[in-house]
Amino acid sequence: MDYKDMKFKVWHGCDRGLCHKGCGRQDRQLNTFDWLADIPGNNQTTDLVEVQFKNTRKGYYHNVNNLDLKKGDIVAVEANPGHDIGVVTLTGRLVKLQIKKTSCVKSPDDIKRVYRLAKEVDMQKYHEAKAREHKTMIESRQIAKGLGLKMKIGDVEYQGDGNKAIFYYIADERVDFRQLIKDLAAAFHVRIEMKQIGARQEAGRIGGTGPCGRELCCATWMKNFSSVSTTAARIQDLSLNPTKLAGMCAKLKCCLNYEVDDYMEAARKLPSKEVLLETMDGEYHLFKTDILSGQCTYSTDKNLGANLETISAERAREIIEMNRRGEKPLSLLEDGKARPVKKPVDLLAGADLSRFDKAKKRRKNNPQRGGNGQQTNRRNSRDGQNTYQTQNDRRRPQNDNRRMPNGNRRPYSGRHPEQQQNGSTMAASDRKNENRQTRQTERTQE
């Protein structure tokens with residue numbers, strides 16, 4: 001398809017790029033997708049319209065004045081007492097289906113009328129009433145605490161004309177709030193209506209972000225809350241961890257019910273846990289299953305995972321049918337061959353045992369060192385030629401076998417032979433010359 005010459009139309013005035021005829025803004029979680037919006041004459045089929053108020057409250061009204069109402073129009077509707085301000089969220093034939101689905105209208109007499117489109121004066125009163133909601137909620141909580149009532153006021157909603165206030169509260173037990181109503185009426189001078197809600201409804205009214213990274217389902221699109229039990233987690237093979245399964249409302253997550261039907265349908269194709277698989281190798285017990293992929297893991301031990309083998313559900317049913325006929329396959333493998341025997345693995349096979357030895361450091365040849373790495377020292381020989389002496393030879397006294405002129409051995413004081421016994425130091429050449437003169441004198445006397 002060639003997209004170069006095509007003209008694209010971008011919708012404005014609706015959230016997340018959705019058409020205003022379909023889904024509305026996502027902050028109105030009770031919006032319904034109007035899949036009949038493009039049908040000609042849809043609005044003329046009925047005078048019923050759906051009007052939504054703050055958060056989770058909406059109602060159905062008769063358009064007795066035949067106003068040209070569209071989705072998103074702000075209207076003033078009949079209330080008891082006075083009037084209320086809301087937003088039109090649905091028109092046409094789909095409204096009748098919604099009334100039948102929600103069952104919120106018990107009789108046709110309960111359906112009130114749409115007065116008019118909201119005027120500027122109506123919107124001014126509406127904003128003034130909404131501005132007092134948060135302050136009223138804080139003060140009402142203090143009044144309820146002073147009366148010692150075990151309840152929590154989660155939200156307050158003023159009527160559009162400011163003559164009535166609805167207090168939404170949460171309580172685990174039944175609460176006698178007759179005195180509370182009197183105190184609230186005296187404090188705020190409006191008509192009081194108390195409405196009890198659950199933890200899920202409170203989370204839907206407050207809103208937030210779930211662990212999946214998206215907005216809460218109860219704050220965006222959920223209308224009816226169904227009970228959630230741990231059975232849904234067991235069917236999906238989830239660990240029963242309260243911190244993982246609980247949502248923002250401290251109850252089990254509503255999304256646990258989303259995929260239960262698919263898991264139950266896939267679980268019907270898996271073999272029963274009580275059925276054993278008999279092969280030539282032995283008996284196998286069902287250890288665990290992967291429901292969506294249809295894989296079954298069998299173990300030779302009933303309680304422990306020993307000699308685990310993973311096969312498909314089709315192969316497991318094939319083996320069960322063979323066992324019913326009295327046949328036993330060689331193994332659980334698909335081709336029916338015997339399972340290969342696992343040989344012991346030598347961890348040191350092909351390993352070099354000398355890899356842990358420390359590498360010997362090689363010394364580089366130094367012109368001042370000998371061939372064997374020993375340091376040499378140049379000294380003058382008796383005939384005046386240069387000779388070399390190793391460092392080990394220097395440490396020993398050179399004249400330890402020579403005798404003194406009196407015939408005694410030369411004493412060793414632990415010092416270098418170049419040092420004199422009196423502590424004075426002489427050069428090696430001077431000492432040798434002295435020894436030579438001494439020997440010549442002894443020869444002359446002889």
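Counting only distance, with no hydrogens or angles, the side chain of N42 and the backbone of R93 share a donor-acceptor pair below 3.5 Å. At least one donor-acceptor pair under 3.5 Å links the side chain of T300 to the backbone N or O of A306. Under the 3.5 Å distance criterion, the side-chain polar atoms of S299 are matched with a main-chain donor or acceptor of L304. The closest donor-acceptor contact from the side chain of Q236 to the backbone of L256 lies under 3.5 Å. Judged by distance alone, with hydrogens and angles left aside, the side-chain atoms of R113 form no donor-acceptor pair with the main-chain N or O of N65 at under 3.5 Å. No donor-acceptor distance shorter than 3.5 angstrom exists from the side chain of E50 to the backbone of L94, with no hydrogens or angles considered. The backbone N or O of A79 sits nowhere less than 3.5 Å from a side-chain atom of D84 that would complete a donor-acceptor pair. The backbone N or O of H83 sits less than 3.5 Å from a side-chain atom of D161, completing a donor-acceptor pair. Using a distance-only test at 3.5 Å, with no hydrogens or angles considered, no donor-acceptor pair links the side chain of D262 to the main chain of E259.
Screening residues 235-249 for salt bridge (Lys or Arg N to Asp or Glu O under 4.0 Å), with sequence neighbours left out, gives no hits. Sequence neighbours left out, the pairs with a member in residues 143-152 that pass salt bridge (Lys or Arg N to Asp or Glu O under 4.0 Å) are K152-E202.
The residue from R141, K135, E139 that alone fulfils the side chain to side chain contact (heavy atoms under 4.5 Å, CB included) condition with M137 is R141.
With sequence neighbours left out, R324 forms a side-chain contact (heavy atoms from CB on, under 4.5 Å) with I320, E321. Checked against salt bridge (Lys or Arg N to Asp or Glu O under 4.0 Å), R191 has no partners two or more places apart in sequence or in another chain. When the salt bridge (Lys or Arg N to Asp or Glu O under 4.0 Å) test is applied to K130, the partners found at least two apart in sequence or on another chain are E133.
A heavy-atom distance below 4.5 Å is not found between the side chains of V175 and M194. The side-chain heavy atoms of P271 and Y298, taken from C-beta on, include a pair separated by under 4.5 Å. For the pair K253/C212, no side-chain contact is recorded, criterion being any heavy-atom separation below 4.5 Å from C-beta on. Side-chain contact check for L252 versus T230: some heavy-atom pair is nearer than 4.5 Å. The shortest distance between side-chain heavy atoms of Y168 and I153 does not fall below 4.5 Å. I170 has its side chain out of reach of Q201: every pair of non-hydrogen atoms, C-beta onward, lies at least 4.5 Å apart. Under the 4.5 Å side-chain criterion, counting only non-hydrogen atoms from C-beta, L277 is in contact with I311. Considering only heavy atoms from C-beta on, K112 stays 4.5 Å or farther from V77 through its side chain.
The two residues S331 and D281 make their nearest non-hydrogen contact at CB-OD2, 3.6 Å. Nearest heavy atoms, A165 versus V190: CB-CG2, 4.0 Å. Taking every heavy atom of both residues into account, L67 and Y115 meet most closely at CD1-O, 4.3 Å. Annotation for L270 and C296: closest pair CD2-SG, 4.1 Å, computed over non-hydrogen atoms.
Summarising the geometry, atom OG belonging to S229 is positioned 7.0 Å from atom CG belonging to N257; distances are rounded to the nearest 0.5 Å.
Remark: the Y61 side chain and the E78 side chain contain no N/O donor-acceptor pair separated by less than 3.5 Å. Between the side chains of Y158 and T136, at least one donor-acceptor pair of N or O atoms lies under 3.5 Å.
No more than 12 heavy-atom neighbours from other residues, nucleotides or ligands sit within 6.0 angstrom of CG on D172. Atom CD of E265 is surrounded by 12 or fewer heavy atoms from other residues, nucleotides or ligands within 6.0 Å.
For an aromatic pair to be called close, the ring centres must be under 6.0 Å apart, and F167 with F177 fails this.
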query: Taking it one step at a time, do K70 and D68 satisfy side chain to side chain contact (heavy atoms under 4.5 Å, CB included)?
result: CA-CA 7 Å; K70 297 180 181 179; D68 185 15; 4.3 Å; yes
Hey, can you pull the donor-acceptor pairs under 3.5 Å for the side chains in residues 120-127, sequence neighbours left out?
unit_1	atom_1	unit_2	atom_2	d
D122	OD1	R116	NH2	3.2
D122	OD2	R116	NE	3.2
D122	OD2	R116	NH2	3.1
D122	OD2	K119	N	3.3

